[in-house]
Amino acid sequence: MKIVVIGGTGLIGSKLVNKLREHGHEAVAAAPNTGVNTLTGEGLAEVLKSASVVVDVSNSPSWEDAAVLNFFVTSTRNLLTNEAAAGVKHHVALSVVGTDRLSESGYFRAKIAQEKLIKESAVPYTIVRATQFFEFVKGIADVSMIDGKVHLPSVLFQPMAAEDVATAVSTVAEGPPANGMVEIGGPEQFRVDELVRRRLVSLKDSREVVADPNALYSGAKISEKTLVPGNNARLGETRFETWLTQPAAQIPSVPTKPNAA
Ligand SMILES: NC(=O)c1ccc[n+]([C@@H]2O[C@H](COP(=O)([O-])OP(=O)(O)OC[C@H]3O[C@@H](n4cnc5c(N)ncnc54)[C@H](OP(=O)(O)O)[C@@H]3O)[C@@H](O)[C@H]2O)c1
């Protein structure tokens, strides 16, 4: 199958393209530096020619409220219009567990808008909602700073390895459209503040992590189960302690932008 991966040069996208190629598919990495820009529409019609499936694992370069909303609305509209014209049979998009519970956050309002456009489109779809990536845990600290300390509420959290995200998304892309939502998560639950503290220690980062019930997550108030997937979630295999010993954990994190996903 020809499978176009929008954001195919990113953290998840690059792993996904490799997996799909290993499975024998014609996987095409589409991103601005491969000549495909979903915001302007550049290169979209060409890359989608004879594609069966499109997987959107792109992300906005800016997470400022208006910019991120514009990114997900404009790029998703452009994509779905071009997919319908090209006869694409399955649109797969990566979203975040709890998105609908996080509407106080500008980033998550943009993800809600992305999901809505997909559901309303004529293109068959599957939305994969993943929990936070292990690779992103340091990024959570970076965007949760108040007066030099990390402030986070001590709520449940079930993060997963980017490698397991890519595996789960590849399985979805190879299967039929669910015309609905699939949740994926990590094999273990933690407290957010506790895991961020462990991650900072592993990086020899001396910042203090304060358990603060009033602290916001990406600009939104969250409670015990906001970030936790439901009982039907497909779980990744990689445990946090195992991941810490892997090369992926030696890279501090994905680049941090204002307002964490
Ligand atoms: N971080 C988390 O813990 C988490 C959890 C669950 C779900 N998610 C979701 O996972 C998705 C992917 O995240 P990620 O961390 O893998 O992203 P990432 O590493 O930042 O990669 C983003 C990709 O989007 C591409 N892109 C940017 N602007 C584009 C445009 N105008 N047209 C086409 N492609 C464009 C980038 O291309 P260039 O490299 O050329 O700029 C890059 O390939 C996001 O939708 C996010 O909401 C994240």
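When a residue number appears, it is its place in the shown sequence, counting from 1. Every number for a ligand or one of its atoms is a count from 1 in the order of the listing. Since the structure is predicted, the reported quantities are computational estimates derived from the model, not experimental observations.
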Undergrad: Just which atoms of ligand 1 are under 4.0 Å from any heavy atom in F71?
TA: 28 (N), 29 (C), 30 (C), 31 (N)
Undergrad: With rounding to the nearest 0.5 Å, note down the distance linking CG in L48 to CG in N82.
TA: 6.0 Å
Undergrad: Looking at E104 and K221, is any side-chain nitrogen of the basic one under 4.0 Å from a carboxylate oxygen of the acidic one?
TA: no
Undergrad: Are T131 and ligand 1 in contact, using a heavy-atom cut-off of under 4.0 Å?
TA: yes
Undergrad: What I want to know is whether Q132 and ligand 1 share at least one N or O pair that is separated by under 3.5 angstrom.
TA: no
Undergrad: Mind checking the NE2-CG spacing from H151 to D193? Nearest 0.5 Å is all I need.
TA: 11.5 Å
Undergrad: Ignoring hydrogens, what is the shortest heavy-atom contact between F72 and A110? Give both atom names and the distance.
TA: CB-O, 3.7 Å
Undergrad: What's the spacing between W63 CH2 and L69 CG if we round to 0.5 Å?
TA: 15.5 Å
Undergrad: Which option, F134, F133, F136, owns the non-hydrogen atom nearest atom 5 (C) of ligand 1?
TA: F133
Undergrad: Applying a 4.0 Å heavy-atom criterion (strictly less than), which segment of V36 is in contact with ligand 1: side chain, backbone, both, or neither?
TA: backbone
Undergrad: L16 and A166: which non-hydrogen atoms are nearest, and at how many Å?
TA: CD1-O, 3.6 Å
Undergrad: Which heavy atom in A141 sits nearest to a heavy atom in V196, and how many Å separate them?
TA: CB-CG1, 3.7 Å
Undergrad: Check for me whether P32 has a heavy atom closer than 4.0 Å to any atom of ligand 1.
TA: yes
Undergrad: Thinking salt bridges, do E115 and K111 make one under a 4.0 Å N-O criterion?
TA: no
Undergrad: Please walk me through it: do N78 and T38 pass side chain to side chain donor-acceptor pair (under 3.5 Å)?
TA: CA-CA 6 Å; N78 282 340; T38 50; over 6 Å; no
Undergrad: Does S95 have a non-hydrogen atom less than 4.0 Å from ligand 1?
TA: yes
Undergrad: Within ligand 1, which atoms have a heavy atom of T9 less than 4.0 Å away?
TA: 37 (O), 38 (P), 39 (O), 40 (O), 42 (C), 43 (O)
Undergrad: Strictly below 4.0 Å, N to O, side chains only: are D205 and R207 in salt-bridge contact?
TA: yes
Undergrad: Is there a polar contact between ligand 1 and L11, counting only N or O atoms under 3.5 Å apart?
TA: yes
Undergrad: Once you restrict to heavy atoms under 4.0 Å, what part of F108 touches ligand 1? Side chain, backbone, both or neither.
TA: neither
Undergrad: In terms of atom number and element, which parts of ligand 1 are under 4.0 angstrom from non-hydrogen atoms of A31?
TA: 34 (N), 37 (O), 40 (O)
Undergrad: Taking 4.0 Å as the limit for heavy-atom contacts, which would you say applies to R129 with ligand 1: side chain only, backbone only, both, or neither?
TA: neither
Undergrad: Would you mind listing which atoms of ligand 1 come within a distance below 4.0 Å of any non-hydrogen atom of N37?
TA: 30 (C), 31 (N), 32 (N)
Undergrad: Which option wins on minimum heavy-atom distance to atom 11 (C) of ligand 1: V128, L94, V97?
TA: L94
Undergrad: Counting each atom of ligand 1 from 1 as listed, which ones have a heavy atom of G10 under 4.0 Å away?
TA: 19 (O), 21 (O), 42 (C), 43 (O)
